[in-house]
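Reading through the structure tokens given below for one structure.
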Amino acid sequence: MSIIARLGKNLQFSFYQRIISTLSYLFLVPFILDNVDHSLYGLNILLLSLLGYFKVADIGMQAGISRFSAKFIGEGKNDELNDLLNIGVKIYFLIGIVASISFFSLSYFYHDVFSVNEEIIQKGKTLFYIYAFSSFFIIFNAPFKGVLSGAQRQDITSKVEIIISLCKILLAIIILTYYKSYLTYVFFFQLFTILFITLNIYNVFKIFPCKLRLSNISRTVFKQVVGFSGLMFLSGLFGIAIYQVDNIVIGRFISLGAITMYSIAFIIHQQISSLNSLLCGPLFYIFSTEFAKGYNERSKNMVMDAVHMHIGIMLPILIIVIINVDHFILAWVGDNFNDAILPARILLSYWFLTIIYSLLIDAAIGGLGKVKEIVIITGFVAVANLVLSIILVKHMGIVGVAIGTSIPYLVVAPFYIIRLCRLFSIKISSFIIKAIIPNIPHVLLSVVLATAIHILMRKPNLFEVLVLFGACYGIIMLFGYVLLSESKKNVVRKIIRPVM
């Protein structure tokens with residue numbers, strides 16, 4: 001399968017998964033908030049954050065497994081791929097055990113750390129017990145998902161995620177409507193998640209000649225992956241400080257209910273992040289495989305073309321959402337969450353620059369294996385975010401946390417772009433001329449159309465908002481496609497060609 005065909009297949013399945021995941025959020029969040037105590041919902045979000053902490057307590061191993069799976073597959077090294085999987089299995093087994101014990105232990109004193117309403121303390125303990133059970137299996141899945149991602153089989157991992165998202169909606173409707181028990185819903189959702197992610201494990205052994213073993217692991221592979229993963233681990237820790245620590249800061253200095261309010265803004269931000277990774281993810285592994293054959297002028301052109309099209313796809317989405325986020329939030333979850341509008345706009349603001357360089361980051365890490373520079377900059381962002389959030393939350397509430405998250409990104413963006421261009425031997429002027437300037441016409445059209453629909457909408461329902469968003473974006477993409485060169489039009493046609 002050609003690079004373009006493989007990219008198209010991965011993008012399409014990733015797109016289906018993102019759409020279904022986003023639609024499930026659109027339905028489930030207001031539905032759950034109407035049926036569940038907001039403090040209990042906020043506590044569950046906090047527990048998901050804690051689970052995220054354990055996922056990066058892997059010294060960056062999943063990123064290393066993904067990157068080196070792509071590299072070893074590109075080089076045809078099946079024995080090294082098998083060693084890589086076994087290294088991951090051992091590490092994630094231990095992390096899963098630690099996570100389970102930690103959740104169980106925290107259940108006894110969590111209410112002394114966070115501001116918790118007395119009436120939900122016992123229910124909160126039950127939530128901790130549920131995650132003590134499920135966390136091991138969810139974490140143990142990581143190396144298998146990493147191998148599939150590195151092998152550019154996002155079609156498989158996306159299908160699993162689609163099944164989980166659909167299951168989540170079905171369980172919520174049945175359990176919260178007829179049994180009115182949020183704890184029962186969380187338990188069964190975690191149980192079904194465990195069952196479905198075993199499909200990743202099954203497919204790894206079906207596709208690749210891998211066998212589990214307790215000994216005779218290549219030290220060379222171990223050193224390679226740990227050396228790369230160690231730096232990715234630091235980047236992951238900084239990622240926690242940038243995003244997940246926000247919930248701890250809000251829970252500590254305000255309340256669990258405030259986490260729920262902030263989560264509305266953060267979910268919208270998270271969807272933009274997910275859409276941004278829609279293109280970045282598959283390209284990361286293509287860069288890893290192709291660059292393993294050597295970085296040359298063809299590779300440089302591949303990076304530039306990918307960045308150009310990525311900016312053109314993502315910036316219009318961002319502009320539409322930022323301008324109309326007030327209509328979206330009020331139509332989605334109602335007037336009670338009006339306070340989430342400003343934090344949402346602030347969190348989304350830094351993506352104007354992040355979209356421009358995010359694909360360069362994936363090319364630098366996946367293709368060139370250059371992690372150190374990324375870690376240093378991400379470390380600065382993490383520390384600055386934590387300090388600013390703690391200072392500002394006391395005076396501005398959740399708005400201060402959003403500002404504390406956004407400012408560091410805006411500050412480092414120019415340095416990021418300059419440094420990454422140098423890594424790829426790309427002149428800044430060439431980057432601007434080839435990747436940014438061609439997108440200006442339809443980005444300006446995005447501002448005009450997004451502003452127009454914002455003015456036209458008068459207390460719309462969610463369906464109307466989504467239809468107008470889609471129509472606006474469709475017009476912009478059609479206009480952008482017309483402006484492309486014939487060669488790039490051919491690439492687009494190959495990518496969007498339906499696949500099975």
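Basis for what follows: all heavy atoms, side chains included, without hydrogens, waters or symmetry-related copies. A quick note: this is a predicted structure, and the numbers were derived from the prediction, not measured.
The minimum heavy-atom distance between A265 and A344, with the atom names listed, is CB-N, 3.5 Å. Here the closest non-hydrogen pair linking L315 and F352 is CD2-O, 3.9 Å. A132 and S100 make their closest contact through O-OG, 2.8 Å (heavy atoms, listed as atom of the first residue, atom of the second, distance). Looking at every heavy atom in both residues, L40 comes nearest to G124 through CD1-N, 4.5 Å. A pairwise comparison of heavy atoms in Y92 and A142 identifies CE2-CB, 3.4 Å as the closest pair. Of all heavy-atom pairs between N82 and K211, the closest is OD1-N, 2.8 Å.
Rounding to the nearest 0.5 Å gives a distance of 14.0 Å between CZ of F266 and OG1 of T260. Atoms CG and CD1, on L106 and I101 in that order, are 12.0 Å from each other to the nearest 0.5 Å. S21 contributes atom OG, which lies 9.5 Å from atom CG of L28 (distance to the nearest 0.5 angstrom). Taking CG of L170 as the reference point, atom OG of S165 lies at 12.5 Å (rounded to 0.5 Å). Of the inter-residue distances, the one linking Y202 atom OH with I156 atom CD1 reads 10.0 Å to the nearest 0.5 angstrom. To the nearest 0.5 Å, atoms CD1 (I311) and CG (L318) are separated by 12.5 Å.
Of the candidates V249, I45, N44, I45 is the only one forming a side-chain contact (heavy atoms from CB on, under 4.5 Å) with I259. Results of the ring pair (Phe, Tyr, Trp, His ring centres under 6.0 Å) test with F133 over Y131, Y129, F137 single out F137 as the only residue that passes.
No donor-acceptor pair closer than 3.5 Å links the side chain of T157 to the backbone N or O of K145. With S107 contributing its side chain and F104 its backbone, the two residues share a donor-acceptor pair below 3.5 Å. Using a distance-only test at 3.5 Å, with no hydrogens or angles considered, a donor-acceptor pair links the side chain of S406 to the main chain of I346. Side chain of Q271 to main chain of I268: no donor-acceptor pair is present (N/O by atom type, distance under 3.5 Å, no hydrogens or angles). In terms of modelled atom types and a separation under 3.5 Å, the side chain of N338 and the main chain of L330 share no donor-acceptor contact.
With a 4.5 Å cut-off on side-chain heavy atoms, T184 and Y179 do not count as touching. Residues V321 and F328 fail the side-chain proximity criterion, which asks for heavy atoms closer than 4.5 Å. Counting heavy atoms from C-beta outward, L23 and L26 have side chains that approach closer than 4.5 Å. Residues L84 and V147 form no side-chain contact, since every pair of their non-hydrogen atoms from C-beta on lies 4.5 Å or further apart. Residues I175 and F189 are not in side-chain contact: their nearest non-hydrogen atoms beyond the backbone lie 4.5 Å or more apart. Contact check for N203 versus R153: no side-chain heavy atoms found under the 4.5 Å cut-off. Within the 4.5 Å cutoff, the side chain of N141 has no heavy atoms near those of the I138 side chain. Under the 4.5 Å side-chain criterion, counting only non-hydrogen atoms from C-beta, N276 is in contact with H310.
For Y350 and H269, the distance between ring centers is under 6.0 angstrom. The six-membered or imidazole ring of F128 lies away from that of Y108, with a centre-to-centre distance of 6.0 Å or more.
For residues 178-193, there are no salt bridge (Lys or Arg N to Asp or Glu O under 4.0 Å) pairs, not counting sequence neighbours.
At a threshold of 4.0 Å, the pair E161-K168 does not count as salt-bridged, since none of the basic side-chain nitrogens sits closer than that to a carboxylate oxygen.
Summarising the local packing, NZ of K123 is surrounded by 12 or fewer heavy atoms from other residues, nucleotides or ligands at distances under 6.0 Å. The environment of F93 atom CZ is sparse: at most 12 non-hydrogen atoms of other residues, nucleotides or ligands sit within 6.0 angstrom.
A donor-acceptor pair shorter than 3.5 Å cannot be found between the side chains of Y409 and N385. Inspection of the Q190 and S134 side chains reveals an N or O donor paired with an N or O acceptor under 3.5 Å.
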Exercise. Should I197 and I164 be marked as a side-chain contact (heavy atoms from CB on, under 4.5 Å) after you check the CA-CA gap, both sets of side-chain angles, and the distance that decides it?
Worked result: CA-CA 9 Å; I197 61 178; I164 291 173; 3.9 Å; yes

For this session: Start with the C-alpha gap between F144 and V89, add the side-chain angles, then the distance that decides, and say whether side-chain contact (heavy atoms from CB on, under 4.5 Å) holds.
Result: CA-CA 8 Å; F144 301 95; V89 165; 3.7 Å; yes

For this session: Would you please test Y41 and H38 for ring pair (Phe, Tyr, Trp, His ring centres under 6.0 Å) and show each step?
Result: CA-CA 5 Å; Y41 178 75; H38 289 187; 7.7 Å; no

Exercise. Given the rule in the side-chain contact (heavy atoms from CB on, under 4.5 Å) test, do I65 and L85 qualify, once you have shown the distances and angles that lead to the verdict?
Worked result: CA-CA 7 Å; I65 289 172; L85 176 63; over 6 Å; no

For this session: Verify side-chain contact (heavy atoms from CB on, under 4.5 Å) between I356 and L353, making sure each step is shown before the conclusion.
Result: CA-CA 5 Å; I356 293 174; L353 295 177; 4.3 Å; yes

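Note on ring orientation: taking the six-membered ring where Trp is involved, the planes of F140 and F136 are parallel (angle under 30°, cut-offs 30° and 60°).
Under the side-chain contact (heavy atoms from CB on, under 4.5 Å) criterion, T198 pairs with no residue at all, not counting sequence neighbours.
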